[in-house]
Amino acid sequence: MPTAHVQRVAWDGARMIVRACADRDWAVWFANWINEHAGPPFGQLVMQCRTRLVAAYGYEAAALETGMWRVRLDDLMAQRPDLVEPLAEIVRDATQRLRTVA
């Protein structure tokens with residue numbers, strides 16, 4: 001498997017998280033995954049993202065959340081390069097699953 005491009009993983013991951021946050025079960029699933037791999041603050045951030053998106057839905061809210069997650073994921077992978085491949089894999093898997101649900 002080719003090496004993941006960190007910035008691409010960050011963007012794709014950010015878009016996937018925001019899309020997953022539209023559904024409570026998906027948000028909880030990803031919050032649990034990221035808690036297990038990166039630590040509890042990240043799972044809490046996923047659930048806070050969901051709360052903000054539910055309260056202020058719309059393109060602007062989703063774009064803002066996506067941008068914040070892109071930075072968070074980029075920073076996370078810079079600090080924890082061991083998470084690049086697992087994150088890339090879960091993003092690919094979740095993106096495919098979310099496409100079939102839509």
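Small disclaimer: the values here were computed from a predicted structure and weren't measured.
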request  = Of all the heavy-atom pairs spanning Val9 and Ala88, show the shortest one and how long it is.
outcome  = CG2-CB, 3.7 Å
key: All salt bridge (charged side-chain N to carboxylate O under 4.0 Å, His left out) counterparts of Arg72, not counting sequence neighbours   = none
ask   = Which is it for Leu53 and Val18 under the side-chain contact (heavy atoms from CB on, under 4.5 Å) test, yes or no, and what are the steps along the way?
value = CA-CA 8 Å; Leu53 287 170; Val18 170; 3.9 Å; yes
request  = Apply side-chain contact (heavy atoms from CB on, under 4.5 Å) to Arg19 and Met16, showing your working.
outcome  = CA-CA 5 Å; Arg19 184 159 179 222; Met16 183 275 297; 5.7 Å; no
inquiry  = Using 0.5 Å steps for rounding, measure from the CG atom of Leu76 to the CZ atom of Phe42.
reply    = 4.5 Å
remark   = Here the pair of heavy atoms bringing Thr95 nearest to Val91 is OG1-O, 2.7 Å
task = Search all heavy atoms of Cys21 against all heavy atoms of Ala27 and return the closest pair with its distance.
result = CA-CB, 4.0 Å
query = Parallel, tilted or perpendicular: which describes the rings of Trp29 and Trp26, with under 30° parallel and over 60° perpendicular?
reply = perpendicular
inquiry  = Using side-chain heavy atoms (C-beta onward) and a distance below 4.5 Å, is Leu73 in contact with Trp11?
reply    = no
message = Rounded at 0.5 Å granularity, tell me how far CG in Asp12 sits from CG in Leu87.
response = 10.0 Å
Asp74: salt bridge (charged side-chain N to carboxylate O under 4.0 Å, His left out) partners, not counting sequence neighbours = Arg70
ask   = Going through the distances and angles, do Glu60 and Leu64 end up as a side-chain contact (heavy atoms from CB on, under 4.5 Å)?
value = CA-CA 6 Å; Glu60 294 84 8; Leu64 178 64; over 6 Å; no
Distance, nearest 0.5 Å, that separates CD of Gln48 from CE of Met68 = 9.5 Å
request  = Report yes or no: does Thr100 contribute a side-chain atom to a donor-acceptor pair with the main-chain N or O of Arg97 at less than 3.5 Å?
outcome  = yes
inquiry  = Show me the pairs that pass salt bridge (Lys or Arg N to Asp or Glu O under 4.0 Å) and involve residues 23-46, at least two apart or across chains.
reply    = none
Side-chain touch Val28/Met47, heavy atoms, less than 4.5 angstrom = yes
note = The reported gap from CD1 in Ile34 to CG in Leu45 (rounded to nearest 0.5 angstrom) is 8.5 Å
inquiry  = Tell me whether Val6 shares a hydrophobic cluster with Trp69, the cluster being built from Ile, Leu, Val, Met, Phe, Trp, Tyr side chains joined at under 4.5 Å.
reply    = yes
